[in-house]
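Sequence lines set the chain letters: A, B, ... in the order given, protein chains first and strands last, and positions in each chain run from 1. Everything numeric here is computed off the predicted structure, so don't read it as measured data.
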Number of protein chains: 2
Amino acid sequence: MTTQQHTRLTQAERRIRSRNALLESAARGIAQHGYANLSLERVATQAGYTRGALYHQFAGKDELVLAVVGWVKETWAAEVGQVLTDHGNPADALLALARNHAIYCRRDVAAVLLNLRIEFDSQDHPVGRLIAESIDHIVTDCARLIEAGRTDGSIPQGPPARTTADALLTALEAVAIELAGQAPHDIDLAERAVRGVLGLPPH
Amino acid sequence: MTTQQHTRLTQAERRIRSRNALLESAARGIAQHGYANLSLERVATQAGYTRGALYHQFAGKDELVLAVVGWVKETWAAEVGQVLTDHGNPADALLALARNHAIYCRRDVAAVLLNLRIEFDSQDHPVGRLIAESIDHIVTDCARLIEAGRTDGSIPQGPPARTTADALLTALEAVAIELAGQAPHDIDLAERAVRGVLGLPPH
DNA sequence: ACAGTTACATACATATCTGTACGTATCTAT
DNA sequence: ATAGATACGTACAGATATGTATGTAACTGT
């Protein structure tokens, strides 16, 4: 009885399977330990491989983490960020963002965003730059919505739109991750925090 | 002309001066790079010493960081946390906490709290335990205030008091640090976030 | 079937960090 | 003044991390 594993795989299937396993392991590791304490040895072992496999798929630690960030960006954009472009009431869009983000953060790898952002804050590193750019883009979208809402009267006046958007996303991210797993209050409190930052009355 | 420095120091003065310099350097390092990327070599050099001096004053990296955390705890309790025990309107006390914390976070070492909390989240480490205990204590105080406010009617009903307190402090910490240096909006938005979490109407 | 490519493991080189042992200069007490 | 304690520097040892070079087994096209 030899190790006849996985019913014979093609190279492409093998590659994708390994790559995904390594990415998931890395995401979990970043969420738990951050970038600095992320050991490629542990990432590979936890995924069932050695560092050799990892270096075959990714040029190095940076590229691995960049791939993780890219994956998070994609899933976030699909599951959360799409409400920013659905044209409708700006205030409703931002509140929907809060609820969607709270749900997104229920998965244990969501902390990747927050961990890396803090770790690379005000630092000159490719990972930090990618994170900063991604966040900046989202902040810009939110600021536009806030300005639109203030124009049409659905959002009260307040600090500059961009500063408000910055606070909104910061509070939302922190609350959603901190309260992940405390359903259903995670959604409620995320929405409350966003309402407060926007100056909206309680629901 | 020999290096006749500092007008002749006593040993006790020397010790305190060196210790404070090392603590401040470490605090700045943690705020910027976190614990894992905190090099004792850099800490000592930046303070004008070598690692020898550091190891003479602190048993090791952990004890140094614990001392930094202790220092932050003390200054925070004196400048921010005291409003939690000043008996008065619970809602007003929590809003005062928000404003005080925003002001506290304007100093560049305030991020020590947030960085270490995230880095040692769900981890078995002396530093993590101290942080967790400190935060836990503050959360408990806030939860008590929330319950009192809900009893006397100054705070609306909502999710469990402890969960609400958790969200309140998380949002407050994140917003205050993110917006530090954006005066005066840092105070305004910190208070807005707290109002929102508590379910209070905008000011 | 066989040559070439791909996926992965193993072994090695190197850098960096912590911690310790020890040396030296400065202060203090008798 | 001198012996001892204290503050600090220097040198070394061990652990652990990344990255690279190389070996090997599995798959693929002709």
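- Regarding B/Glu41, its CD atom lies at a distance of 11 Å from the C1' atom of D/dG9, rounded to whole Å.
- One can place NE2 of B/His56 at 4 Å from P of D/dA7, the figure rounded to the nearest angstrom.
- Although no hydrogens or angles enter the test, the distance criterion places no donor-acceptor pair under 3.5 Å between the side chain of B/Ser25 and the main chain of B/Gln46.
- Between the base of D/dG9 and the side chain of B/Arg51 there is no donor-acceptor pair shorter than 3.5 Å.
- Of the possible polar contacts, none joining the B/Arg15 side chain to the B/Gln57 backbone as a donor-acceptor pair under 3.5 Å is found.
- Using a 4.0 Å cut-off between a side-chain N of Lys or Arg and a carboxylate O of Asp or Glu, A/Arg195 and A/Glu191 qualify as a salt bridge.
- Between B/Gln57 and the phosphate of D/dC8, there is a side-chain N or O to OP1/OP2 separation shorter than 4.0 Å.
- Using a 4.0 Å cut-off between a side-chain N of Lys or Arg and a carboxylate O of Asp or Glu, B/Glu24 and B/Arg19 do not qualify as a salt bridge.
- The distance from atom OH of A/Tyr35 to atom P of D/dA17 is 14 Å, rounded to the nearest whole Å.
- Mapped onto DNA chain D by nearest heavy atom, A/Ala36 and A/Ala59 fall at different nucleotides, with A/Ala36 at the one closer to the 5' end.
- Over its full length, the helix from C/dA1-D/dT30 to C/dT30-D/dA1 turns its helical axis through 10°, comparing axes from the five pairs at each end and rounding to 10°.
- Salt bridge status for B/Glu79 with B/Arg107: present, with a side-chain N to carboxylate O gap under 4.0 Å.
- For the pair A/Lys61 NZ and D/dT20 C1', the computed distance is 17 Å after rounding to whole Å.
- Note on B/Arg117 versus A/Glu178: salt bridge recorded, some NZ/NE/NH1/NH2 to OD/OE distance being below 4.0 Å.
- A cation-pi arrangement is absent between A/Arg106 and A/Tyr104 under the rule of less than 6.0 angstrom and at most 45 degrees off the ring axis.
- Atom pair A/Leu38:CG and D/dG19:P shows a separation of 11 Å (rounding to whole Å applied).
- Counting only N and O atoms by type, the side chains of A/His125 and A/Asp62 include a donor and acceptor under 3.5 Å apart.
- Annotation: side chain of A/Glu119 is not in contact with side chain of B/Asn115 (no heavy-atom distance under 4.5 Å).
- Close approach of DNA chain C to chain A, defined as any atom under 4.0 Å from a non-hydrogen atom of the protein, starts and stops at C/dT6 to C/dT10.
- Because its NZ or CZ atom is both nearer than 6.0 Å to the ring centre of B/Tyr35 and within 45° of the ring axis, B/Lys61 counts as a cation-pi partner of that residue.
- Here the side chain of A/Thr45 pairs a donor or acceptor atom with the backbone of A/Glu41 at under 3.5 angstrom.
- Map B/Gly60 and A/Arg15 each onto its nearest nucleotide of DNA chain C; the residue landing nearer the 5' end is A/Arg15.
- Whole-Å rounding puts the A/Glu13 CD to D/dA26 P distance at 17 Å.
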Shorter than 3.5 Å, N or O on both sides, protein versus nucleotides 27-30 of chain D: list them out with atom names.
residue, atom, partner, partner atom, Å
D/dT28, OP1, A/Thr10, OG1, 2.3
D/dT28, OP1, A/Gln11, N, 3.3

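- To the nearest angstrom, C1' of D/dT6 lies 15 Å from CZ of B/Arg19.
- A/Tyr55 places its OH atom 5 Å from the C1' atom of D/dG19, with the value rounded to the nearest Å.
- Salt-bridge formation is detected for the pair B/Arg192/B/Asp188: a Lys NZ or Arg NE/NH1/NH2 atom is positioned less than 4.0 Å from an Asp or Glu carboxylate oxygen.
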